[in-house]
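Written below as structure tokens is the structure these notes are about.
We count residues from 1, following the sequence as given.
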Amino acid sequence: MRHWKLLGGTAALAIAAGGAAQADVTSAQVWDAWKSVVSETGQTITVGSESQDGGTLTLSDVTFAMQTTDVSATANVAEMVLTEQGDGTVAITLSPSYEVKVSVDPEDDDESVDMTLTLTSENLGMIASGDPDAVKYDYTADSLTASVTELVVEGETLELDADIVMRAVTGDYTTGADDSMSSRFDSDSMTITVHMDEPDGGDGTLDATMEYADVAITSDGSMALMAGGVKELSGALAEGGTAEGSISHGDASYQVAFVDGSDTFSLDGTAQGGLLEYALSAEAMSYNAGNTGLDMVITGSEIPLPEVAVQLGEFGLGLTTPVSKSEEPQDFSFALRLVDLAVSDMIWSMIDQGGQLPHDPATVIFDVSGKANFLFDLFDPDSMEMADSEMPAEIHALDLNELKLAIAGAVLTGEGGFTFDMDNLAAFDGLPAPTGKVNLMLVGANTLLDKLVAMGLIPEDQAMGARMMMGLFARPGDGEDTLVSEIEVDGATGAISANGQRLQ
């Protein structure tokens, strides 16, 4: 949600400590740098009182505020003290606890939300260094805690307790005169706890705990991208604004429990690691997320088994897409990876009581890339309205880098690529004509069909129809129970063939 930008603007106040200076800065210069960051990120700042005593600057009742179309937020820090150290650096202390109030009042029919957060630090140490045009804040803290102390939805106060606790925190935060900022945040561990009672006096309760080791967060980009909503984002990108960063963690565990009378649900899980990476510029947006070593056990009153156990060796999701209107083709890609998905024998027993099917872990991999250009700006609402009524993009090339579907002993793999003629929309009923080919191989399909028929899961006539279809598009391969197929398309003539046999 956009109100978190307020926390980004006050990050230099709430988290920043200890590093060597590259040049001299004074307390007044550090304060001026903070005010510049606040302005660049679309916020305002007010100070109840300000006093300078030698190299010490004391600020009282400091309030940061942000307002966008449907979100407003304020943060109030009772006291901040900036003290020059005599070596060109400035030590910073501030009140160990302060509140952030957030109000969301959408223009559409979505629910309004009012939330109060309390941010608390333990043994927070901060040092500002560098020069007035590029101030660096190094920080350490024994712990940082964010607690939801009040949550009101559509005027109704919810009974919610939620805390995020980060321990053994270190990092740095740097702002530059060129509208740039970068940050690094590391925490030995992070714990998220949530408890919620059913609204309207019901007996239901929800409890959740998530724990992460070795949390690391990085960011680098333009302060202008922090300001405002979608319209402002589009303008910042057009002016050369960029943003990139990552979030990663080591071992993790999850516990969720819901109880409402006789209705129950619980989930217990672990993961070996996770990663989220992102990048945004006027040319493209990219997103990459993944986890490894996922292991979950689910139980509940509505689940017809004592438990459901699921393991996943690897999960990955990646996306790269253009974001701006362009006449020149740009790169795009999409990738999905579900590797070694395994379920417990209790689940297999529901469909394979006789154990006729291989219970090997399943895998799904789908990886494509290509060239395309948008005919609208993704972050420009006015431009996107045009895309609702016209062709939003032109595709010029599509490559199937990897296809793999493995389940119950059968494996489908494939690769290939096509180019598209945007000037030929007649051959394929208004679609740009493709030219290229894709190679596919299917191993174990007939064996799997035989077992499914023997188990009574597929009628014999349907299995026969499936075999006839495979025979139409494929030919026997070199190995046992192996089918291969080369699907080729000629965009100029509209011809489609399989293994040299004309289909259209």
Could you tell me whether a side-chain N or O of D352 sits under 3.5 Å from a main-chain N or O of L357, the two making a donor and an acceptor?
yes
With a sphere of 6.0 Å drawn around CE of M464, does it hold more than 12 non-hydrogen atoms of other residues, nucleotides or ligands?
no
Would a 4.5 Å heavy-atom cut-off, applied to side chains only, mark Y212 and D251 as touching?
no
Measure from the side-chain N and O atoms of T363 to the backbone N and O of D340, and report whether any donor-acceptor pair falls under 3.5 Å.
yes
Assess whether atom CD of E154 is packed by more than 12 heavy atoms of other residues, nucleotides or ligands within 6.0 Å.
yes
Could you go through the side chain to side chain contact (heavy atoms under 4.5 Å, CB included) check for R467 and N446 one step at a time?
CA-CA 8 Å; R467 289 189 175 93; N446 284 299; 3.2 Å; yes
Do L158 and P199 make a side-chain contact, defined as non-hydrogen atoms from C-beta onward lying under 4.5 Å apart?
yes
Minimum side-chain heavy-atom gap T191-R167 below 4.5 Å
yes
Tell me, yes or no, whether the heavy-atom count around M196 atom CE, taken from other residues, nucleotides or ligands under 6.0 Å, exceeds 12.
yes
Keeping the roles fixed (side chain from D188, backbone from D214), state whether a donor-acceptor pair exists under 3.5 Å.
no
Within a reach of under 6.0 Å around CG of D478, are more than 12 heavy atoms found that belong to other residues, nucleotides or ligands?
no
Test side chain to side chain contact (heavy atoms under 4.5 Å, CB included) on L442 and D481; report intermediate values, then the result.
CA-CA 8 Å; L442 180 59; D481 195 5; over 6 Å; no
Look only at the side chain of S324 and the backbone of A282, and say whether a donor-acceptor pair between them is shorter than 3.5 Å.
yes
Distance-only donor-acceptor hits, side chain of residues 423-431, under 3.5 Å, sequence neighbours excluded:
residue : atom : partner : partner atom : Å
N424    : OD1  : A426    : N            : 3.3
N424    : OD1  : A427    : N            : 3.3
N424    : ND2  : G491    : O            : 3.2

In terms of heavy-atom contacts, L378 and M285 come closest through CD2-CE, 4.1 Å
Minimal heavy-atom distance between D105 and S112, with the atoms involved, is OD1-CB, 4.1 Å
Side-chain contact test, heavy atoms from C-beta onward, threshold under 4.5 Å: evaluate it for P361 versus L341 and give yes or no.
no
For G318 and N288, work out which heavy atoms get closest and say how close.
CA-OD1, 4.0 Å
Nearest heavy-atom contact between M422 and I395 is SD-O, 3.4 Å
Counting only heavy atoms not in I217, do more than 12 sit closer than 6.0 Å to its CD1 atom?
yes
May I ask you to decide if E328's main-chain N or O and Q330's side chain share a donor-acceptor pair within less than 3.5 Å?
yes
side-chain hydrogen bond (donor to acceptor under 3.5 Å, both in side chains) assessment of T218 paired with S246
CA-CA 5 Å; T218 66; S246 66; 2.8 Å; yes
Begin from the C-alpha positions of M190 and I192 and carry the test side chain to side chain contact (heavy atoms under 4.5 Å, CB included) through to its verdict.
CA-CA 7 Å; M190 178 174 71; I192 302 173; 4.3 Å; yes
Parallel, tilted or perpendicular, as decided by the 30° and 60° cut-offs, for the rings of W348 and H359
parallel
Should the ring pair F418 and F420 be called parallel, tilted or perpendicular, given that the plane angle runs from 0 to 90° and is split at 30 and 60?
tilted
Kindly state each residue pair satisfying ring pair (Phe, Tyr, Trp, His ring centres under 6.0 Å) with at least one member in residues 258-312, sequence neighbours excluded.
none
Any heavy-atom pair between the side chains of S485 and N499 that's under 4.5 Å?
yes
Are side-chain heavy atoms of M296 and L294 found at a separation under 4.5 Å?
no
Do S281 and T242 pass the side-chain hydrogen bond (donor to acceptor under 3.5 Å, both in side chains) test, and can you show the C-alpha distance, the side-chain angles, and the key distance before you say yes or no?
CA-CA 5 Å; S281 69; T242 63; over 6 Å; no
Please determine if K404 and D367 form a salt bridge, counting it only when a charged side-chain N lies under 4.0 Å from a carboxylate O.
no
T419 backbone acceptor or donor facing T435 side chain under 3.5 Å
no
CD (E156) with more than 12 external heavy atoms under 6.0 Å:
yes
What are the two closest non-hydrogen atoms of V323 and L280, and how far apart are they?
CG1-CD1, 4.4 Å
Pair F185, Y173 - check side chain to side chain contact (heavy atoms under 4.5 Å, CB included), show working.
CA-CA 9 Å; F185 174 93; Y173 178 93; over 6 Å; no
Quick one, V484 and R475 - any side-chain contact, counting heavy atoms below 4.5 Å?
yes
Any side-chain heavy atom of L449 within less than 4.5 Å of one from M470?
yes
Side-chain (D163) to main-chain (S147) donor-acceptor, under 3.5 angstrom:
no
